[in-house]
Number of protein chains: 2
Amino acid sequence: MDFKSNHHHKNFIDGVPYATVKRLPFYHRFLTDLSKKEVERISSRELAAKMGINPSQLRQDLCYFGSFGQQGYGYRVNDLLREVNRILGLNQEIKMVLVGGGHLGTALANYDNFSRRGFIIKAIFDKNPEVIGGYIKGIPVLDIKELQEYLRVEPVEIGVITTPAEAAQETADRLVQGGVKAIWNFAPVSLKVPEEVLLENMHISESLLLLSFKLKQRRNQPDPV
Amino acid sequence: MDFKSNHHHKNFIDGVPYATVKRLPFYHRFLTDLSKKEVERISSRELAAKMGINPSQLRQDLCYFGSFGQQGYGYRVNDLLREVNRILGLNQEIKMVLVGGGHLGTALANYDNFSRRGFIIKAIFDKNPEVIGGYIKGIPVLDIKELQEYLRVEPVEIGVITTPAEAAQETADRLVQGGVKAIWNFAPVSLKVPEEVLLENMHISESLLLLSFKLKQRRNQPDPV
DNA sequence: TAGATTGTTAATCGATTAACAATC
DNA sequence: TAGATTGTTAATCGATTAACAATC
């Protein structure tokens, strides 16, 4: 509606720079903490200091979505958190299936924070006959062969891949055929998916390699002054 | 030594822009794939196309570390992979301890890719008496109370935190007291550590919130032309 | 040699930060 | 009211991309 929605640059999602979008979950975490601590108000200066960012950046980021503060006062923590929740789409349930019922899949299934925020794992799929037919955290574990038929009857928006690397692309293909709108991938591979399907990667080992690089630099320059 | 090492800007690590550093693990993954497929040579144009980035960016990034190609020919995949391995510090062993022997910790302990690249988990610490004294993937599980004494005798560089959120800060404090040089944190909290200790976060839920945002935008604009 | 592709400088583009009028 | 702080524009800064001489 407003002129911002006419931005169609690759680095913009719906008029908002991707750099801003990536910071939204970060804001969400700090506001959730403040809300838990029952802090009532906070200024951009204080919040930015807590987060280690620039207060102008914080205000600029929020400005893409609306004006949620009050001059001379700051922001009401609960109001701002509610807005960020709404912006992130956390005000509605999102159904997921999880493929790969190993330790990582089990860890995710056990993570209460997801269900508390409306992310519901409807079923877990695996190829291991020893786990098929059982339950993980109350969620049924089904045969991977039943995935497409299941999705036909019970559509879900997000497919989570926690299979070994070798099985990841085939799993992605099945999820796409099943009509998921997004894939959350934990396998250390670059998946190919059609562009109408969103892909979000959690590349755990890339994070460790980055740490390895930084460690090496520190070893070589032990005293950065 | 060269003029680049005089850059001391906050966005530079040792003369290299942080944006470049973050792409190194990405290059590592694609080069490892090509090497496995026994591809002998590749041009910046081809590699960049595979990775979905700009060839100039690829060459510019490599240029911060040296010149590894050959005009008119491109890059020898194995040579470039060896260089990237060296740049990332993967040519030496790095010892780690893991705190939190739950499903996530077990998943990491079972992840062969780490040990294959020289990341060695020396011990796992937990507070649950049922797992203490046992082994996970051949790695001894010890009482969390023994962490500091263990680190005194057997120093390690990286401490991995896979505890619940509530225990994460205390765990970080213990690891810092034990003298680790870096912390790899999987708990969904913002840890406070002294600036001489490196901190790398794997915020799993932030990745899911990002996906939630993108899904919401797609729902509102189902047909981006 | 001619063609191809690198390494690297210069130009462009986007993101961050500063500044300040508006206003609670 | 005076002081504080937002929302937003403009300036700065950094990252990406284009261009091309060097050269295999």
Side-chain angles (χ1 to χ4, degrees), chain A residues 2-4 6-24 26-27 31 34 39-77 79-80 83-84 87, chain B residues 2-4 6-24 26-27 31 34 39-77 79-80 83-84 87:
Chain A
D2 69 356
F3 86 98
K4 278 174 190 162
N6 291 325
H7 283 250
H8 281 304
H9 195 277
K10 56 176 172 169
N11 285 328
F12 279 71
I13 296 186
D14 214 9
V16 184
Y18 193 59
T20 294
V21 169
K22 273 195 296 190
R23 281 188 290 269
L24 289 172
F26 190 43
Y27 296 141
L31 288 167
L34 287 168
V39 176
E40 202 178 297
R41 67 161 285 278
I42 196 161
S43 68
S44 61
R45 190 178 45 75
E46 289 170 295
L47 181 51
K50 260 187 192 300
M51 300 179 67
I53 63 172
N54 183 298
S56 289
Q57 178 165 78
L58 174 51
R59 296 203 301 278
Q60 177 77 283
D61 281 344
L62 294 177
C63 187
Y64 286 104
F65 299 99
S67 56
F68 311 124
Q70 202 173 324
Q71 281 104 326
Y73 177 83
Y75 302 87
R76 293 191 184 273
V77 170
D79 289 1
L80 187 53
E83 292 292 345
V84 172
I87 291 164
Chain B
D2 69 356
F3 87 98
K4 279 174 190 161
N6 291 325
H7 283 248
H8 280 303
H9 195 278
K10 57 179 171 163
N11 284 328
F12 279 72
I13 296 187
D14 214 8
V16 183
Y18 193 59
T20 293
V21 168
K22 273 194 293 189
R23 281 188 290 267
L24 290 173
F26 191 41
Y27 296 140
L31 288 168
L34 288 169
V39 176
E40 202 178 297
R41 68 161 282 279
I42 197 161
S43 68
S44 62
R45 190 179 44 76
E46 291 171 294
L47 181 51
K50 260 187 192 298
M51 300 180 66
I53 63 171
N54 182 298
S56 289
Q57 177 166 76
L58 174 52
R59 296 202 300 278
Q60 177 76 285
D61 279 347
L62 294 177
C63 186
Y64 287 105
F65 300 100
S67 56
F68 310 125
Q70 202 173 322
Q71 281 105 326
Y73 178 82
Y75 301 87
R76 293 190 184 276
V77 170
D79 289 0
L80 188 54
E83 292 293 344
V84 172
I87 292 164

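The chains referred to below are lettered A, B, ... by the order of the sequence lines, with proteins before strands, and numbering in each begins at 1.
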Query raised in the report: Rounding to a whole Å, what distance do you find between A/Arg59:CZ and C/dT16:P?
Result: 15 Å

Query raised in the report: A/Ile13 CD1 to C/dA15 P: how many Å, rounded?
Result: 11 Å

Report summary line: In this structure, CG of A/Leu62 is separated from CG of A/Leu80 (nearest 0.5 Å) by 5.5 Å

Report each atom pair, protein N/O against N/O of nucleotides 9-12 of chain C, whose distance is under 3.5 angstrom.
{"from": "C/dT9", "atom 1": "O4", "to": "B/Gln60", "atom 2": "NE2", "distance (Å)": "3.4"}

**Report entry** Neighbours of DNA chain C within residues 44-53 of chain A, by heavy-atom distance under 4.0 Å
**Finding:** none

Query raised in the report: Quick one: does B/Ile87's side chain get under 4.5 Å of B/Tyr64's, heavy atoms only?
Result: no

Could you go over nucleotides 21-23 of chain D and give all protein N or O partners under 3.5 Å, atom names and distances?
{"from": "D/dT23", "atom 1": "O4'", "to": "B/Gln71", "atom 2": "NE2", "distance (Å)": "3.4"}

Query raised in the report: Rounding to a whole Å, what distance do you find between B/Glu83:CD and C/dG7:P?
Result: 11 Å

**Report entry** Separation of C/dA15 P from B/Lys22 NZ (nearest whole Å)
**Finding:** 12 Å

Requested in this report: Kindly say if A/Arg23 contacts the phosphate of C/dT16, meaning a side-chain N or O under 4.0 Å from OP1 or OP2.
Outcome: yes

Requested in this report: May I ask you to verify if any side-chain N or O of A/Asn54 is less than 4.0 angstrom from the OP1 or OP2 atom of C/dA18?
Outcome: yes

Show me the side-chain donor-acceptor pairs of residues 44-51 of chain B shorter than 3.5 Å, one per line, residues at least two apart or across chains.
{"from": "B/Ser44", "atom 1": "OG", "to": "B/Arg59", "atom 2": "NH1", "distance (Å)": "2.9"}
{"from": "B/Glu46", "atom 1": "OE1", "to": "B/Ser43", "atom 2": "N", "distance (Å)": "3.0"}
{"from": "B/Glu46", "atom 1": "OE1", "to": "B/Ser43", "atom 2": "OG", "distance (Å)": "3.2"}

Would you list the atom pairs, donor with acceptor, under 3.5 Å between side chains in residues 66-77 of chain A and any protein atom, with sequence neighbours excluded?
{"from": "A/Tyr73", "atom 1": "OH", "to": "A/Arg76", "atom 2": "NH1", "distance (Å)": "3.3"}

Query raised in the report: What base-paired stems does DNA chain C take part in, with at least 3 consecutive Watson-Crick or G-U wobble pairs and both distances under 3.5 Å?
Result: C:3-24 with D:3-24

Report task. Provide, to the nearest angstrom, the distance between the CZ atom belonging to A/Phe65 and the P atom belonging to D/dT8. Result -> 14 Å

Query - First encountered from the 5' end of DNA chain C, between B/Ile42 and A/Gln57 - result: B/Ile42

Query raised in the report: Which sits closer to the 5' end of DNA chain C, A/Tyr73 or A/Leu58, going by the nucleotide each is nearest to?
Result: A/Leu58

Query raised in the report: What integer distance in Å separates B/Phe12:CZ from D/dC13:C1'?
Result: 11 Å

Query raised in the report: Is any side-chain N or O of B/Tyr75 closer than 4.0 Å to OP1 or OP2 of C/dG7?
Result: yes

Requested in this report: Indicate, with a heavy-atom threshold strictly under 4.0 Å, whether B/Ser56 touches base, sugar-phosphate, or nothing.
Outcome: base

Query - Inter-residue atom distance B/Thr20.OG1 - B/Phe12.CZ, 0.5 Å rounding - result: 8.0 Å

Query raised in the report: Hey, is the side chain of A/Arg41 poking within less than 4.0 Å of OP1 or OP2 on D/dT5, counting only N and O atoms?
Result: yes

Report task. Nearest whole angstrom, please: distance from the C1' of D/dT6 to the CZ of A/Arg76. Result -> 14 Å

